[in-house]
Structure formats: C-alpha cells, structure tokens
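Chain letters run A, B, ... following the sequence lines, proteins first and then strands; every chain starts at 1. Being a predicted model, the structure only gives us computed values, none of them experimental. Scope of the values below: all heavy atoms of this structure, side chains included, with no hydrogens, waters or symmetry mates.
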Amino acid sequence: MNQNTMQKTVLHAQQVRKSFGVRGNVQQVLRGIDLRVVEGEFVGIMGPSGSGKSTLLNVLATIDKATEGKIFVGDMDISNMKNAELSDFRRKKLGFIFQDYNLLDTLTVKENILLPISLGKMKKAAAEAEFQAIAADLGIGEIAHKYPHEISGGQRQRTSAARALIHRPSIVYADEPTGALDSKAASALLGMIEELNRQRNITIMMVTHDPVASSYCSRVVFLKDGMLYSEVYRGSKTRQAFFKDILNVQAVLGGDHVDSV
Amino acid sequence: MTLFELVIRSMRKNTKHYYLYYFALIFSTSLYFIFATLQNDSSVITASIGNIQFSSMFNAAGILVLVIVVVFMIYANSIFLNRRSKEIGLYQLVGLTHSTVARLLITENALLGMGALLIGVGGGALVSRLFVLILMKLIGIENPVTLSFSGTAALQTIIVFSVIIGLTLVQMLFKVYHTTLLDLFTANRQGDHPKQPKTVLSALMGLVGIVLIAFGYILSAHTLGPNLFLQLATILGSTILGTYLLFRVTIGWLFFRIRKGKGGQLGLKNSLSLAPIMHRMKGNANSLTLITILSAMTLTMVAISYSLYYSAESESRGMLPYDFIFENNEQDAKSFRAELDKAGFTFVNRPVEAIRLQGAIGQNEEGSNLLLLGAEQLQANGRDIVVPGQGEAVWYTGLRKALSKELDTVAFPQAVDFDANGVQVKLNITREVDRYAMNYSIYGRQLIVPTATIRAIREQMPASPEYEAIHIDTYKIADKNEREAASGIYAKVVKGNKLSPDFDTFYKASLRKFGLIIFIAGFLGLIFLISTGSILYFKQMTEAEQERKSFTILRQLGFGEREIMGGIIRKQMFVFAIPLGIGLMHSMFAVKAASKLALSDLTFPTAISMSVYTLIYFVFAILTLVYYRRIVRAAL
Ligand SMILES: Nc1ncnc2c1ncn2[C@@H]1O[C@H](COP(=O)(O)OP(=O)(O)OP(=O)(O)O)[C@@H](O)[C@H]1O
Ligand SMILES: [Mg+2]
C-alpha cells in the first residue's frame, strides 16, 4: 500500500505467535500475525470474543511476551528486551487506555494524569503546560482536583486518555475504552480521541467490539482464531459509510452481535 | 461437600494466608503458659530469692499479660474477619444459611484455636526451662533448677485461652449475623476518601495536639509534687490525647500542605506513600495511637528496668561507698582485719573521725542529727572528694534529686548552728551532693568538713549529751571476687545489732531484685512488641491486598518493580517509623523523669534497650516489605 510506505512506520509486527499453557496442553491464541502501523494511524481491531484481540494488544504493548515473532516500535526491537528495559520503554514510549479506566483511587485527576512523567526530567512548568493543554483538549480542566470516585465514567475515561497522552507516546493502545460507557459518553470520548489523532498526529490502536466505535478509526483490522482475517480502510468515506463497510465484514465473519448507529 | 470438608479446606487455605496470626496466637499461648508456670512454681522463685513480694509482682505482671493478649486477639481477629468478609459473603451468596456459615466458622476457629493451644502449651513446656535459666542467670543464682511440667499452669492457660477464643467466636457470630451481604462485599474497599481539611480548624486542632504533647513533656520534667497521682494522670492524658490528635489531624494536615505544594505533580514515590496514607488516616488514627502508646509504655518499662539492672552496682556504691564499716567498734574491726589477713585478701583499711550532734539546717528546720565527717580522711581513701574551706561544709544528702523535696526550699549557702554546752559553732553549707559520703546505714545527715573543724569541735564541746565522737573503721576489698568471702567473715565477726549492711550483700540483693524486674519487664516487653508488630503487619498485609490493583496499573504504565518498591519503602518508613519515633520520644521523656530517682547515669542502658527494641520492631517492617514485594511481583 503506497500510502503506508510513504509515512514513518511506528509499529511493525512480524509473524507474531502466542500460545498459553504448558506442554501437552498448549493453546495457540495468536498464529502468526503480520501488522504494520504508520504514524498518525487510528487502527481498530475487531473480532469475535476469544479471537485473541486482547492478547494481541497486550503482546504489542509489551505487557505480555510473544512466544515467537518480532515486534518493532519505531526502530526498536522489543521482542528481545529484558523486563526492566520493557518497563522503561513502556513508560516512555507507550500510552494505555483500559476498559475500566485503571485510575489510582488515591490520586486526584491531575495527579493521575501527571503520573507517567513523574520519573522523567521534565521541568515543573513544562509539565504544567502539558497538563493544561491536554486537559483543555479533553475537557477535564474543571475537575483536575477531584478524585476518581467523584467524577462520571466518561470523565474518568477522558482522564485515562489524558494520562495516556501526556508524555507524547509513540503509540497509544486502548482496550475497549468505551466498553463501560453509555453511547453518549462513548461517542463524546471517541470524538475527542479522533480529534486528537488528527490534530496531534497521534498513532492509536484500539480494540473494540462496537462497530460504532471502530467507525471512528482510519482502518479496522479483523481477527479470527488468532489470524488476520481482513482489514478495511476508511479513506475519504464518511463515518456512516465506513460503519456499513465494517458491518458487512462482521456479517461475513459472524460471531458478534451488531449495534445500530 | 460436607461442612467438615469445607472446614478443612478453608482451614488449609487460611493457615497459609494467616500464618502470622496463628504464629502470634501460638506464641502468646506459649508465653502465657511459661508465665503461669513460673507463677505457679513459685517455690523455684521464692526459694532462690526468698521474698514473697515477688510473687505479687508476678501476679500483677500476669494480669498485664492477660490484658494485652485479650486486646491483641480481639484486634487481630477483627482484622482477620474483615479480610475474610468477602469469603463469608460468598458462602451466603451460594445459599448457605447464616447458621451454617456460623457453624463453619466456629468449627474452623475452634479447631485452629485448640491446635494453637496445644502447640502453645507444648512449646511453652519445652522452652520454659530456658526462661528459668535466663531468670537465674539474671538474678545471679548458679544452682541448677529442676522444673517439672506444671499441670496447674496448663489448666490456667487452657481456661484463659478458651475464654479468649470464645470471645473471638462471639465476634465472628456478630459479624455473620449483623452485617449485610453488601457490607461484607465492600468491607475490603478502600476506606474514606481524603477530604480537603478545613484549613483553619484543622491547623488549630493539629497545633493543639502538639501543644498537649509538649505540655505533658514539660509537666514530666517538673519534680513530682504532692499530687503525684493527679500529675501522672494529667501527663498521661495530655500525652495520649495529643498523640491521637497528632495522628488524626496534625500529620494529615501536614501531608495535605505538602501535597498541595506539589501542584498535582506528586511523583511516583509520594503517590505510593503520601496518598495512600492520607487515604486511610482517619481509620488508622486509632490503631496508630494505640501502637504508639503501647510502644512508649514498653520502651519506658524496659528502659527503666534495664537501667536499674545495669546500674545496680553503681547504685549500690552510691549507697555504700565502703565495703564494710565499723562504728565505734575497734575490737571487731581488729579481728576482722586479722581474719582478712589470714584469708590473704588485699584490702584498704582506713579510720575516719566523725562527730554526731544535734543541729538545724535552715531556719524552719527542727533540730536533727548531723554527722560531721573529716574530708581529708575520706580523700585519703582515694575518694573523689573536695575538701571544703575553713568554716564550710558540703552536705552529702544521698537523696535522688526528685525525692529531695525539702531541698527545694533550702538555698545555698546555708548556715548551720550547733548549740551545745553554751558553745556555738556556725558552719556554712556551700552545696549539696546527691551521694553518700559514708555508708547510708550510719545514723545522721552527712556533712563533710575539714578535719581541722572536727578537731576544733571536739575540743570545744566535751561531754555534752548532744555530742558524740565517732570513730569509723572503713574497709575496701580490692578484688571483687573476694568480697563475698569477706562478707561471710564480716557476718561471723560482727554480731547482733552492730551488724550494718555490707556492700556485697546489698549489691547481690539488689541485683536479684532488679534481675527479676528486668526479667518480667523483658517478658512483658516481648509480648507487647510482638503484639504491636503483628498488628502493624496485619494492617499492612491488608493494605497491600487492597493496593494490588494500583500496582497492576503502575506496572502496566511501565513503572518497574524497583521504582514501585521505592515508593512502598517510603510508605512503610512512615507507617512504622512515625509511631516508633513518637513512642521513642514519649519514652525518652518518661525515662528522663524517672532517672531523677537514680544515682547513676541511665543514658547508656536506655540507649541499649531502645536500640534492641527498634531492631526487633523493624523486623516486622522488613516482613511487610517482603510481603509487598511478592504482591508487586505478581501484579503484572
Ligand atoms: N493468561 C492466559 N492463560 C491462558 N489462556 C489465555 C490467557 N489469556 C487469554 N487466554 C486465552 O486466549 C484466548 C483469546 O483471549 P483474548 O482475551 O485475547 O480474547 P479477546 O479477543 O480479547 O476476547 P474478548 O472479545 O472476549 O475480550 C481465549 O481463548 C483465552 O482463553
Ligand atoms: Mg478482550
């Protein structure tokens, strides 16, 4: 695909395999995945339950180790890194948004967001400026001093998104970020993420069940039984048109039920 | 699955989880049994010490042991129950009735309690000999002791612990019957959320806490007045309330200020220490106060009794500067000397000339017996004594500062008048010394004057009834090991009421007394220390479980095990060091107040006992760190 080769590759997975279990009872969950993501892409990953989406994300995000295969982030080969290196790499280069927010209850919104840069050498004023910028983009400036239990689910997830972005990671991973939100809060969040993706040219990879959510992406990859099944690009299509495309693939793929727009 | 199988399964699971709880239970049973053995087998003690007072001391200590064990067991059980509340809720959720769950818990706890009791008594029986040996060593008795298994002690232990286990069962029943399912499931949820303190009010309250503690300290530094009990109660009340406020308000307020100053950039270490501590400050204030007070009490008790034991020799020397004295008894002194020579002992024998007469110190004083001693002669004996000037005297009160109430009213220099036979002698007492110049047993207040003064008075006041010339023969044995034999010779030579306390006998007796005291204090201290340490450990274990999710999040965000442990170490430093630090401070002031009762310097023995306590205490901190590390490791 020529549009890919022109841009910088952010993530490149080659023949990634992952199996669980011990000898005799091994379950192959990923069976040779090849995937390339370029800078500024917003990639959705869909597939039936149990197809290995979360496993793929965890492996690509260095939270879990691949059994076989190579994974490059930028020009770094992360498949052979040691645990300590991986931690460091994860903290500096990657961002995470989880389904259940994963905010620390004992920290305020602002403290949560600033956590990823707490070990870095960023100046206080610079960190403050970064926070103000991202908080404004995600509309959480007002609640900066509140604790997670005092704010709504949508606000929590936006806080989580801000935390994933504050240190300007190479790529942001999101595992069903809208899973626990109602459709209104979900589309508000996705709208903001899409906007940030465009404005800041942030690379995002998002696992989702929801075709509506994936219609915000620029490309959707379908997984089945641990293999890439197909992928669709949004190109210059409207979101509604892209949504129809996604539904079509899903219908062929079978499995998941379908929400309406 | 039958109920019994369920019991066995949950027991197996629980012993693995709460091994420290059972360890503590077994340990306290053992210690209690040992204590009961010593208490019951009082023949051992009284035979070797020959004093019935000590058995009442043992009884009092036994009650203290009981109180601390009860408090500890109830407390530990409540933590233990809280940790299990989800499990209890789950049983009810899958359809077990209240009474089945209660039966399950009761069977389980009764079985475990009985096991702990048996192991505790058995273990106690095994090591009680060791404790008796330690006791004998401490009180300086060499003859071997046979100690048989005491049935009475075992029965006493079993009754006491059955009652305690019964109490914990009641606690469990209450939990099962009186809490809703929802309560059970949310019990493990993290406590209160930190609220912004009302700045002015909490700053004020925080200040009050510090002021109360300072007030207690200042009060303790004052000489104990006539309202001794009231003063002690005020000191205790003010310090305890102050400590509570310190934990409840002051520290929270301080942390809040620090956190606010960070402007949201808390950093990882503070996120793992400051934030969770603030989160739980309200709920933890009670237990931290309890731990602090218990630590302070234990430290004070152990430090003072160790100091007493440690300084038994110098205290005895303060009371009895000479090994033996003979007052106007030159005949016995001579035969004693001959006997010593025969035994081949090295000794110093010096005479001291003295006068006993009636006189008054100060204006408001009634006349009393005064003993004037020649300073040069005492000095010649190698004592550290300064000869006063002509017409001057130094008063060797032998009284500890705290007890010398009367001295507060006496200003120095002070005139003394002797008025006998129409002759008047005036002496100027220039200062007082808190030791004795001559063995305390000799009658009269001891004033040191130049020998010339003694001679002058002897010439001026012959044959007055208020006047008595005294000749004292003093003996000092050079070799410590010969003192005991010399003491025997002394008792043989001197008969009846002429016998006055000799150094060796006095020293050995006080060594026995203080040896027993340090033994009991050490025993109690050990139980207190283990209780407070375990309570802190249990609490931290629970907190670690609650924070597991945070560790997972942090690991996912890319914080390494080492960085996270750094934050946890800081938190444990706070959690363990703050109560210990405040407890240490409290006890230092208490020891300082008490040290006025002693003739010797208590700094060294106090420092030793405090260091030992701190060292053992930090073993518990290390244990919690090990536990935390395991959880952080498994978090990703
Ligand atoms: N730690 C593990 N140990 C063993 N098997 C695992 C583990 N994690 C996942 N699996 C297995 O791998 C398969 C894929 O799981 P994964 O969570 O990746 O699916 P998913 O596509 O995210 O599903 P869902 O849409 O339900 O979240 C499942 O069959 C699961 O049982
Ligand atoms: Mg999943």
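- Remark: A/Asp64 engages A/Lys18 in a salt bridge (charged side-chain N to carboxylate O under 4.0 Å, His left out) (not counting sequence neighbours).
- Using a 4.5 Å cut-off between heavy atoms, A/Ala84 makes no contact with chain B at all.
- Interface remark: B/Leu636 contributes side-chain atoms only to the contact with chain A (heavy atom separation under 4.5 Å).
- Ring centroid separation for the pair B/Tyr617 and B/Phe576 comes in under the 6.0 Å cut-off.
- Heavy atoms closer than 4.5 Å to chain B are found nowhere in A/Ile113, neither backbone nor side chain.
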With side chain to side chain contact (heavy atoms under 4.5 Å, CB included) as the criterion, how do B/Leu272 and B/Leu554 come out once you've worked through the C-alpha distance, each side chain's angles and the decisive distance to 0.1 Å? CA-CA 10 Å; B/Leu272 282 168; B/Leu554 288 170; 3.7 Å; yes

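- When the candidates B/Leu274, B/Leu266, B/Leu557, B/Thr552 are compared by the number of heavy-atom contacts under 4.5 Å with chain A, B/Leu557 comes out ahead.
- Proximity to chain A is absent for every atom of B/Glu561, based on heavy atoms less than 4.5 angstrom apart.
- Counting only N and O atoms by type, the side chains of B/Tyr627 and B/Glu545 include a donor and acceptor under 3.5 Å apart.
- The environment of CD in A/Glu142 is sparse: at most 12 heavy-atom neighbours from other residues, nucleotides or ligands sit within 6.0 Å.
- Using a 4.5 Å cut-off between heavy atoms, A/Lys92 does not touch chain B at all.
- Contact check on A/Glu111 versus B/Lys262 returns no salt bridge, with no Lys/Arg side-chain nitrogen under 4.0 Å from an Asp/Glu carboxylate oxygen.
- Comparing A/Lys110, A/Lys93, A/Lys124 by how many heavy-atom pairs each has under 4.5 Å with chain B, the most go to A/Lys124.
- Proximity to chain A (any heavy atom under 4.5 Å) is restricted, for B/Lys549, to the side chain, taken from C-beta onward.
- For B/Met565, the CE atom sits in a packed shell: over 12 heavy atoms of surrounding residues, nucleotides or ligands are nearer than 6.0 Å.
- Proximity to chain B is absent for every atom of A/Phe131, based on heavy atoms less than 4.5 angstrom apart.
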